[in-house]
Number of protein chains: 2
Amino acid sequence: MSKSDPADGNTQERIFEAASAVFEEKGYTGARMQEIADRAGINKALLHYYFRTKEQLFKAVFQVMLKKMFQKITSIFAEEIPFKEKIKRFLDDHIEFLIKNPKLPIFLLNELSQNPSVSEGLKEIVNYDELRELIYSKHAKELKGYGIKKSDMPQLMVTVVSFSIFPFAARDMIRLMMPEIEDNKKFNAYMRERKDFASDFIFSALKHRKK
Amino acid sequence: MSKSDPADGNTQERIFEAASAVFEEKGYTGARMQEIADRAGINKALLHYYFRTKEQLFKAVFQVMLKKMFQKITSIFAEEIPFKEKIKRFLDDHIEFLIKNPKLPIFLLNELSQNPSVSEGLKEIVNYDELRELIYSKHAKELKGYGIKKSDMPQLMVTVVSFSIFPFAARDMIRLMMPEIEDNKKFNAYMRERKDFASDFIFSALKHRKK
DNA sequence: TGTATATTTGACCCGTTGGTTAAATTTAAA
DNA sequence: TTTAAATTTAACCAACGGGTCAAATATACA
């Protein structure tokens, strides 16, 4: 092996990385096999040698991205720490993760809405039923104290994740509207600020909630 | 004028409606001029006669959609009613609007992130500076009482709009994960429930907020 | 070393897609 | 009714894009 190829590593990995980047940037329909090949430093035919079709390649990439997005979330919520700690940890970890992968949210959301079939693996990755059960049973006392019934869990959970995910999905809208958040650096600072803002907001709301 | 064309109205309008639908569904790259022509009941050449290029047509459509999305929001916040009333009105109106246009959020967010140049008109439509000034000066007392400084406004405003917009953007993710929200009817009910959940949540948080 | 197998490439194929053109038809005005 | 302008159409075009193929090269192993 005496290659000076840019970005060494076996071909399959290089393809996978290139494909991830291109799909994430341009979406499924906007992505071009040629560009993926170029970015992986290979021939287009070789691309099809490793992954028969664009769709096959896409599904593989998409699956991994879904996993990256959700595994951290779910693993934190499965830990044996107080509820409040979980929310804080979630916000901290997830926002840091999204700072490193800022385009992931719109990409996933968009592809999911465009082609729900790609999401066949979602149930295996997330297992929401188990997760909700886990959270609710482990923190029954606390949640009841906040007046959160089991039937409120969907509202609460969507609310919590929206604190981290939404601003990234709406990043360009925010950037265009709010002059105080023009560039990446400022946006990231804004999101780090948001960790505390969000957890204060959430816990103040829960404590004081109408029941 | 003795036409029996489906969906009467002048050609330009028909094109515009068809284009809106197709773009919203498939996104810019996924949309096909042929499909737009078909849906408008006309020839593809005629489409190019009215709108020179795909991009031109897209920009026109996108601009109008942005307007639809934001005008209601901003107009409510400009009214002369108490702050709490504004939040409630916003959530009510905006969620009802989005129930009628459920695909708008992902579409706008995605296209904005894919091609930020299409958004040149955003500043004219929204004028965030004015809006924030308007809100903050009109409700200075109340907001200060909640410990909201001017510099907190971006956090607060993003939070408020995320309550209505995010669940629609994440609709399919939610639908796939939460069995209690499989179909449209249930999702809409969930969102109507969310009006009260959100305003209670927001005001409890504000009242009890760490300063 | 020879040979089978895996990897890589350049050239090519063909359906799709945005866009054009010239001619036909309709509309409106003189 | 003539005629000029606006509207609509069918046929076409060139570029693009996913995918294939046969040949070339590298790798592994007997």
Side-chain angles (χ1 to χ4, degrees), chain A residues 1-63 107 110-111 114-115 117-118, chain B residues 1-63 107 110-111 114-115 117-118:
Chain A
M1 181 171 290
S2 60
K3 279 190 189 170
S4 61
D5 292 32
D8 228 61
N10 67 65
T11 309
Q12 185 149 281
E13 264 173 40
R14 291 228 309 284
I15 291 177
F16 206 89
E17 273 167 42
S20 300
V22 175
F23 280 131
E24 194 173 331
E25 233 171 82
K26 311 275 177 77
Y28 179 77
T29 50
R32 298 286 162 252
M33 293 299 266
Q34 187 59 60
E35 191 183 346
I36 294 174
D38 289 348
R39 251 198 249 194
I42 58 161
N43 188 292
K44 192 170 56 127
L46 189 55
L47 189 53
H48 286 280
Y49 172 76
Y50 278 90
F51 297 85
R52 221 77 40 94
T53 68
K54 186 183 183 184
E55 193 173 330
Q56 222 169 99
L57 175 55
F58 177 76
K59 281 189 177 174
V61 165
F62 191 79
Q63 205 63 7
F107 170 70
N110 188 55
E111 297 301 335
Q114 212 98 134
N115 179 6
S117 81
V118 292
Chain B
M1 182 169 291
S2 61
K3 280 189 189 172
S4 63
D5 292 31
D8 227 62
N10 65 65
T11 308
Q12 185 149 273
E13 263 173 40
R14 293 227 310 283
I15 291 177
F16 206 89
E17 273 167 42
S20 300
V22 175
F23 279 132
E24 194 174 332
E25 233 172 81
K26 312 275 177 77
Y28 178 77
T29 50
R32 297 287 161 251
M33 293 299 267
Q34 187 60 61
E35 191 183 345
I36 294 174
D38 289 348
R39 250 198 249 195
I42 57 161
N43 189 290
K44 192 171 57 126
L46 189 55
L47 189 54
H48 285 281
Y49 173 76
Y50 278 89
F51 297 85
R52 221 80 38 92
T53 68
K54 186 183 182 184
E55 194 173 330
Q56 221 169 99
L57 174 55
F58 178 76
K59 281 189 178 175
V61 164
F62 192 80
Q63 204 64 6
F107 170 69
N110 188 55
E111 297 301 334
Q114 212 96 137
N115 179 5
S117 81
V118 291

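Below, chain A is the first sequence line, B the second, and so on; all start at residue 1. Fair warning: this is a prediction, and the values are worked out from it, not measured in the lab.
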Participant: For E111(B) and N115(B), which I'm curious about, is there any donor-acceptor pair between the side chains at under 3.5 Å?
Facilitator: no
Participant: Using the benzene-type ring in the case of Trp, are the ring centres of F58(B) and F23(B) under 6.0 Å apart?
Facilitator: yes
Participant: Spell out, as yes or no, whether a donor-acceptor pair under 3.5 Å connects the side chain of Q114(A) to the backbone of E25(B).
Facilitator: yes
Participant: M33(A) CE to dT20(D) C1': how many Å, rounded?
Facilitator: 13 Å
Participant: Within this structure, what is the CD1-CD1 distance for the pair I36(B) and I15(B), rounded to the nearest 0.5 Å?
Facilitator: 9.5 Å
Participant: Could you state the CD-C1' distance from Q12(A) to dT8(C), rounded to the nearest angstrom?
Facilitator: 15 Å
Participant: Which part of the nucleic acid, if any, lies within contact of A37(A), taking any heavy atom under 4.0 Å across all strands shown: a base, the sugar-phosphate backbone alone, or nothing?
Facilitator: nothing
Participant: Using whole Å, report how far CD1 of I36(A) lies from P of dG17(D).
Facilitator: 12 Å
Participant: Think T11(B) has a side-chain N or O under 4.0 angstrom from the OP1 or OP2 of dT8(D)?
Facilitator: yes
Participant: Could you tell me the separation between the CZ atom of F23(B) and the P atom of dG18(C), rounded to a whole number of Å?
Facilitator: 9 Å
Participant: Can you measure from CD (Q56(B)) to NE2 (H48(B)) and round to the nearest 0.5 angstrom?
Facilitator: 11.0 Å
Participant: Could you tell me how far apart D38(A) (CG) and dT9(C) (C1') are, to the nearest whole angstrom?
Facilitator: 14 Å
Participant: Whole-Å distance between dA10(D) P and I42(B) CD1?
Facilitator: 12 Å
Participant: Name every residue in residues 44-54 of chain A that has at least one heavy atom under 4.0 Å from any atom of DNA chain C, in order of residue number, or write none if there are no such residues.
Facilitator: A45(A), L46(A), Y49(A), Y50(A)
Participant: Rounded to the nearest 0.5 Å, what separation is found between the OG1 atom of T11(B) and the OH atom of Y49(B)?
Facilitator: 10.0 Å
Participant: From CD of Q34(A) over to P of dT9(C), roughly how many Å is that when rounded to an integer?
Facilitator: 12 Å
Participant: Rounded to whole Å, how long is the line connecting atom CG of N43(A) with atom C1' of dT8(C)?
Facilitator: 7 Å
